[in-house]
**Student:** 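Structure below; questions to follow.
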2 protein chains.
Amino acid sequence: MKITTRSRYGTRMMVELAAHYDQGPLQIGEISRKQGLSVKYLEQLIIPLKRAGLVRSVRGPKGGHILTRPPEEITVWDVVSVLEGSKGVTLCVPNPDICERSHICPTRDVWSLVSKAIRETLSQITLADLVKKTKEVEKHFPEAGCPLEGEGQGADEPVDSSLTSG
Amino acid sequence: MKITTRSRYGTRMMVELAAHYDQGPLQIGEISRKQGLSVKYLEQLIIPLKRAGLVRSVRGPKGGHILTRPPEEITVWDVVSVLEGSKGVTLCVPNPDICERSHICPTRDVWSLVSKAIRETLSQITLADLVKKTKEVEKHFPEAGCPLEGEGQGADEPVDSSLTSG
DNA sequence: AAAGTTGTCTAATCAAAAAATATATTATAG
DNA sequence: CTATAATATATTTTTTGATTAGACAACTTT
């Protein structure tokens, strides 16, 4: 029941792209620096986001990545559902057929409701909301982004591993 | 973002205990047989449930386990929160202190909302609800419980492993 | 009191998935 | 051309979820 780093880092990356939306392509290296996340890992995460049509990329110098739609039109659910894949909170929720009794299983209904609650929650939050909140906060705390988020570690500045263990 | 077998199997066990509530202690062996779950695993899961005061146990022959409260008064959230521990959907949600910037992190708020949505959903479902649903369904399909639930495997009858992989 | 049943506890093992890293290749602006 | 940045693939490392094992403790029944 843990939200994976794929979803969390991916969302942070998308928020960076959103904040940069009207300023042309943004490079992974930039995102990495600002968010303290590994370049290599972000490169992996952006592939499914591209395939899903949320991001497009420009190669070569001055290249980078840019959202295909304005941040107001991309929800966190759009991002998370792509990065989590179609696995669902339980195998039997998206694929009832793998269990012959899915249609009579009372606990399966419970997990379906959880799945629905998550989807509905995340569908109500857009990248624009998060950018806005970031900027409001930066007025009061003039330093940049969120370098850790609990356990993310800096690309160049490894963090004390006691933070990353749990 | 997967619900662990701890929560799923644990909930199924608690539903069995709920169904047996007014008939004295129920043995793990029985639950294992009816639900097709490993005795050894269930034994582990029941310990935190006891510590949390949801279950009490009777040793020796004719012993077993019994809910400390009627099924109407135990929600799925009671069960799941015990079995998942206090880890939360993200480390920084229950322990803001592990990240110096939790209070200004916009994505942390998102995961907090997810956490809240899950909690509220599961708090509205009681074990009695699930027992009731089980019995309704059994009227139409006179065979017993849900042996698989997607990937749970029978204690004595191992399932084709292609089911258990994802 | 003996025997046998059931729960309790700790440890060890296994497997899968998540997370992170490495290398080589392709496109393109300048 | 050359430097930059994306793309693709592969590999490694780490974590943790899941499962199994065995010794021990409590209790009921006879």
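FYI, side chains are in, hydrogens and waters are out, and symmetry mates aren't considered; it's all heavy atoms of this structure. Everything numeric in this text was worked out from a predicted model, so none of it was measured. Letters A, B, ... mirror the listed sequences (proteins, then strands); counts begin at 1.
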**Student:** Tell me: CD of B:Q44 to P of C:dT13, nearest whole Å?
**Tutor:** 15 Å
**Student:** Send over the distance from B:I66 CD1 to C:dG7 C1', rounded to a whole Å.
**Tutor:**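 Rounding to the nearest Å, CD1 of B:I66 and C1' of C:dG7 are 15 Å apart.
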**Student:** Rounding to a whole Å, what distance do you find between B:I3:CD1 and D:dA18:C1'?
**Tutor:** 16 Å
**Student:** Name the one of B:L26, B:I28, B:T11 that satisfies side chain to side chain contact (heavy atoms under 4.5 Å, CB included) with B:E16?
**Tutor:** B:L26
**Student:** Using a cut-off of strictly less than 4.0 Å between a heavy atom of the residue and any atom of DNA chain D, enumerate the qualifying residues of residues 46-61 of chain A by number.
**Tutor:**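 A:K50, A:S57, A:V58, A:R59, A:G60, A:P61 - these, ordered by number, are the residues of the stretch whose heavy atoms sit under 4.0 Å from the strand.
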**Student:** Atom CG of A:L45 and atom C1' of C:dA19: how far apart are they, to the nearest Å?
**Tutor:** 10 Å
**Student:** Testing the basics here: between B:L54 and B:M14, what is the closest heavy-atom pair and its distance to 0.1 Å?
**Tutor:**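 Reported closest heavy-atom pair: CB-CE, 3.9 Å.
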**Student:** Is there a donor and acceptor pair, one atom on the side chain of B:E43 and one on the base of D:dT19, closer than 3.5 Å?
**Tutor:**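 Between D:dT19 and B:E43, which were checked side chain against base, a qualifying N/O pair under 3.5 Å is absent.
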**Student:** Between D:dA18 and B:T5, is there an OP1 or OP2 to side-chain N/O distance shorter than 4.0 Å?
**Tutor:** yes
**Student:** Among C:dA20, C:dT8, D:dG17, which nucleotide sits nearest the side chain of A:Y41?
**Tutor:**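 Comparing C:dA20, C:dT8, D:dG17 against the side chain of A:Y41, the answer is C:dA20.
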**Student:** Please identify each residue that fulfils salt bridge (charged side-chain N to carboxylate O under 4.0 Å, His left out) with B:E30, with sequence neighbours left out.
**Tutor:** B:R33
**Student:** Give the rounded distance in Å between these two atoms: CG of A:L83 and P of C:dA19.
**Tutor:**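 Those two atoms, CG and P, are 11 Å apart.
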**Student:** When you measure from the side-chain N and O atoms of B:K87 to the phosphate of D:dG17, is any distance below 4.0 Å, counting only OP1 and OP2?
**Tutor:** yes
**Student:** Is any side-chain heavy atom of B:T90 closer than 4.5 Å to one of B:V93?
**Tutor:** yes
**Student:** For B:R119 and B:V114, what are the C-alpha separation, side-chain angles and deciding distance, and is it a side-chain contact (heavy atoms from CB on, under 4.5 Å)?
**Tutor:** CA-CA 9 Å; B:R119 183 170 58 253; B:V114 168; over 6 Å; no
**Student:** Using a cut-off of less than 4.0 Å, is there contact between a side-chain N or O of A:Y9 and OP1 or OP2 of C:dA20?
**Tutor:** yes
**Student:** Looking at residues at least two apart in the chain, or sitting in another chain, which of them share a side-chain hydrogen bond (donor to acceptor under 3.5 Å, both in side chains) with A:S7?
**Tutor:** A:E84
**Student:** Between C1' on D:dT15 and CG on B:L91, what's the gap in Å once rounded to a whole number?
**Tutor:** 13 Å
**Student:** Distance check needed: C:dT8 P versus B:Q27 CD, whole Å only.
**Tutor:** 12 Å
**Student:** Consider the side chain of A:K62, meaning its heavy atoms from C-beta on, and name the nucleotide among C:dT8, D:dA8, C:dG30 that approaches it most closely.
**Tutor:** C:dG30
**Student:** Is the backbone of B:L113 close enough, under 3.5 Å, to the side chain of A:T121 for a donor and an acceptor to pair up by distance?
**Tutor:** no
**Student:** At 4.0 Å (heavy atoms only), tell me whether B:G29 reaches a base, stays on the sugar-phosphate, or touches nothing.
**Tutor:**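 The residue B:G29 makes no contact with any strand.
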**Student:** In whole angstrom, give the distance that lies between atom CD1 of B:I31 and atom P of C:dG7.
**Tutor:**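 Rounded to the whole Å, the gap is 8 Å.
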**Student:** With DNA chain D as reference, determine whether A:H65 or B:K40 sits nearer its 5' end, using the nearest nucleotide of each.
**Tutor:** A:H65
